[in-house]
Chemist: 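Please find one structure pasted underneath; my questions will follow.
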Amino acid sequence: MFGYYLDMALRSLKRNRMLTALMVLAIALGIGASMTTLTVLHVLSGDPMPGTSQTLFYPQLEPRDMDGYQPADDPPDQLSWIDGMNLLHAKRADHQALMTGGTVPVQPTQSSVDPFYSDARYTTADFFPMFKAPMRYGRAWSTTDDDSKARVAVISSKLNDKLFSGKDSTGQTLQLGDAAVRIVGVLDRWRPNPHFYDINISGSYSPTEDVFLPLSTARDLKLTISGMMNCWGGHNDNLEIAPCTWLQFWVQMDSPIKVAAYRDYLNHYSQDQKALGRFQRPVKVRLLDLMGWLDYQKVVPSDVRLQTWLAFGFLLVCLVNTVGLMLAKFMRRAGELGVRRALGASKRALFAQLLVESGVIGLSGGICGLLLAFLGLWLVRQRPSDYATLAHLDMSMLLTTFLLAVGASLVAGLLPAWRACQITPALQLKSN
Amino acid sequence: MTVHPILAALRRHKAGVVLIVLQIALTLAIVCNAVFIIGQRIERLNRPTGIEENDLLRVSQAWVGAPSGDDAASVEKLDELQRADLATLRSLPGVQEVAASESMPIQGMIWSGDVTLTPDQKGIAVQAAYYYGDEQLRPTLGAHLIAGRDFSASEILHHTIRGTGASPVIIVSKPVADKLFPKGDALGKTVYQDGKREPSTIVGVVEQLQTPTTDSWGNPFAYNSILEPVRLDGVMASYAVRTQPGRESDVMHEARKALFAANPMRIMPDSWGVQSFSDIRAKAYRADRGMAILMGVVCLILLGVTAAGIVGLTSFWVGQRHRQIGVRRALGARRIDILRYFQIENLLIAGVGVVLGILLAIALNLWLMTHYEMERLPVLYVVAGVLVMLVIGQGAVFVPARRASHVPPVVATRAA
């Protein structure tokens, strides 16, 4: 029976080629646009640390003086050196790492490669186990290395490919300007998206850094730091004591009890600092988990959200358009349907027949829409934004597209088919 | 012609009418808001920077193996490197002016702070971007000096960004001057920067100078700029170069070659080494332009789909009423009457659609205002949108309506 319905549907669709093309195109454009924008949104709002993100927390303190104080002020997004070091050394969480971004001049030993600047991350030993950074060769540095300002580095696989053509480079020397450090580990491919642990650096979706150094070593070597820095209450040339926030601090805790205890600890710490006169504002602490932090920082660009809404509005108009046209088309065939009813076809059979016809439209629209989505994502990848390279259709989005196409075709077909079945055969036969 | 028979006929196509009304309403709501967003973006990317943008280059580079700048001797060494580069650039053929220039408008690299009338930072505080550079910076950028004077060469200091001393003299943009001294007597007055103890005297006022950032956090002080008489020392140094008219691309090419010939121990990537100001402008507003184009394309397709929908639906109705039209013609209706019938029918449908659309457009705008940085939709956009929708409706209905008017009266006498 299905084959027969399909044959009739195709005949009917062929009779109005332009109209069929219009309906398919409208659905395809709607689905293509929605899927492109939804995929970008999905990629950008994804969890950078699936499985671990709910155990990672970002503590915030309020260390500023009373200048320009507003009770509703949020605590600063980063920590000062003194607070960062205090929290780091207190070791109240399972893991903790203090960090900042920087750039380092890399001087390759081989003369064939020109010197270049690499993005660097100056951090502490727990960074690697806490963020599950995979190692290809060697290992991360230890807390002892942190304390002794050891001249050690972990490099990315990309840099390893560039400098050592992918071979195990542990033990080799990396020349950073006039300082030399020993490579102790090489990361495997690792790119959490967004670049959650520091979103102040250019672009929240940047790739991970190429050079990782102990924070103490980087300070000792006076390497350039980069990122956001906020200062208050007068200037101070020495960043170690300056009233400036410029460090990110992450902690890992695996149970809600520990989280509550840590929050208490932050409160106590702030009160102590206030008693000492270092903090002046009323105590305000915050301990957001990873996804909460990304949400609070509004990491997903608002333009991307806006585009997604726009695309779904567009899809809605396209669907309404198709429903209207399909309805008009079916109603026009009332005579033909009346004859079929009079000859014994049940309402259910007519409904099935019309649904097959609208299904063909919806499905072709969906398939064309999928192709358009691939095209759309290709266009997004050509754009020079930092997230461009991430815009790919994954399995879950492919499935969503398929469901959206089927859903759209059903929505577009159900109402017209149902309406067309309601005709009374006698009336139609008579009027003809 | 009365509308009564039209309404009676439409009542027989309720579902179709509702759908086309809905489609027109949704299209109007989306298009009005999208066009408004496009307008805002275009306004944004057409903002003037206040400088002469033609024949202007930014040269940026970083020295390899340069001292860190943590002690006086290494600061001097860095400054020596910087002065050597300035001389190299100045000697190039086709170059008019060269200046040490840490940042440029809309370029992205920004230092900012608060300027107050007293050292304890009480009272009026004006947030402003700091343009560090030498005495050539203002003329090289081509910012228009409306009061006072430029820096003299002897006033130029040099230190690293963390240098603690205040600049004894500064040049401010007019908005900064007006906010600090509403009476318009800023020239010669002293202000304090970031709570530093030493005052800074305003020696000049420039008419307009946009800050280096185009990010939304910089919007509240987009034109608050201060020129600081400081050659900033660091491992990275940037220069502003004004070329003779039309020599831009030659100088871009020569500057790189000359700097490397003078001192090869430096890094100048293609992406930010030598850029013309038009490159900087294109990069700064890339996202806005992309968004405007996307919105524009979506609007056009939406209008096209809606027009096609009206054509399709009306064609069906014409086909369905073939015989009735014949009867009307046989009873004496002229072609123009038939044409008018379909045109008025469309006007009624589109009229209901746009009324609903206006409400939807306002609702959508209110929703966008609560969730995104959006302003209230001006009435003009809605009125224009309504007119466009009505015109599109009439345009779309014309072809099928004319076909209807060509139905010969004789059809009435034939059995269908």
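Computed from a prediction, not measured in an experiment: that's the story for all the values here. Scope of the values below: all heavy atoms of this structure, side chains included, with no hydrogens, waters or symmetry mates. We name chains A, B, ... by the order of the sequence lines, and we start the count at 1 in each one.
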Chemist: I'd like to know which of A:P115, A:P301, A:C318 tops the heavy-atom pair count under 4.5 Å against chain B.
Modeler: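 Going by pairs under 4.5 Å, I would pick A:P115.
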Chemist: For B:M109, I'd like to know if atom CE has over 12 heavy atoms of other residues, nucleotides or ligands within 6.0 Å.
Modeler: yes
Chemist: Working to the nearest 0.5 angstrom, can you tell me the gap between A:M229 CE and B:W111 CH2?
Modeler: 7.0 Å
Chemist: State, with a plain yes or no, whether a side-chain heavy atom of A:W309 is found less than 4.5 Å away from one of B:W367.
Modeler: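 Result yes, sub-4.5 Å side-chain heavy-atom pair found.
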Chemist: In terms of heavy-atom proximity below 4.5 Å to chain A, should B:M268 be classed as side chain, backbone, both, or neither?
Modeler: neither
Chemist: Picking from A:L310, A:L29, A:D303, which has the most non-hydrogen pairs under 4.5 angstrom with chain B?
Modeler: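 The option with the most such pairs is A:D303.
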Chemist: Of the backbone (N, CA, C, O) and the side chain (C-beta and beyond), which part of B:I310 lies under 4.5 Å from a heavy atom of chain A, both, or neither?
Modeler: neither
Chemist: Can you say whether B:I30 sits under 4.5 Å from chain A via the side chain, the backbone, both, or neither, judging by heavy atoms?
Modeler: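 Just its side chain gets close to chain A.
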Chemist: Taking every heavy-atom pair that is under 4.5 Å apart, which of B:A308, B:G16, B:G234, B:A29 has the most such pairs with chain A?
Modeler: B:A308
Chemist: Among the options A:V106, A:L306, A:L176, pick out the one with the most heavy-atom pairs lying under 4.5 Å from chain B.
Modeler: A:L306
Chemist: Can B:D71 and A:K222 be counted as an ion pair, charged N to O under 4.0 angstrom?
Modeler: no
Chemist: Name the option with the most non-hydrogen atom pairs under 4.5 Å to chain B; the candidates are A:T322, A:T224, A:V320.
Modeler: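 Of the candidates given, the most pairs with chain B belong to A:V320.
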Chemist: I need the residue from A:R305, A:K329, A:R419 with the largest number of non-hydrogen atom pairs under 4.5 Å to chain B.
Modeler: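 Looking at each of A:R305, A:K329, A:R419 in turn, A:K329 comes out on top.
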Chemist: Looking at B:R197, I want to see if its CZ is surrounded by more than 12 non-hydrogen atoms of other residues, nucleotides or ligands under 6.0 Å.
Modeler: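 Counting neighbours around CZ of B:R197, 12 or fewer heavy atoms of other residues, nucleotides or ligands fall under 6.0 Å, so no.
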Chemist: Rounded to the nearest 0.5 Å, how far apart are CG of B:L19 and CG of A:L325?
Modeler: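 Result: 9.5 Å between the selected atoms.
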Chemist: For chain A, which of B:A287, B:G309, B:G290 has the most heavy-atom pairs under 4.5 Å?
Modeler: B:G309
Chemist: Name the region of B:R41, side chain, backbone, both or neither, that has any atom closer than 4.5 Å to a heavy atom of chain A.
Modeler: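 Contact with chain A: side chain only.
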Chemist: B:Q23 and side chain to side chain contact (heavy atoms under 4.5 Å, CB included): which single residue from A:L316, A:N321, A:L319 fits?
Modeler: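 That would be A:N321.
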Chemist: Given a strict heavy-atom distance threshold of 4.5 Å, which part of B:I37 is in contact with chain A: side chain, backbone, both, or neither?
Modeler: side chain
Chemist: Measuring from A:Y117:OH to B:I267:CD1, what's the distance to the nearest 0.5 Å?
Modeler: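 Here the interatomic distance stands at 5.5 Å.
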Chemist: Between A:L22 and chain B, with a heavy-atom cut-off of 4.5 Å, which part of the residue counts as in contact: side chain, backbone, both or neither?
Modeler: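 Contact with chain B involves the side chain of A:L22 alone.
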Chemist: Hey, which of A:S302, A:G313, A:P105 has the most heavy atom pairs under 4.5 Å with chain B?
Modeler: A:S302
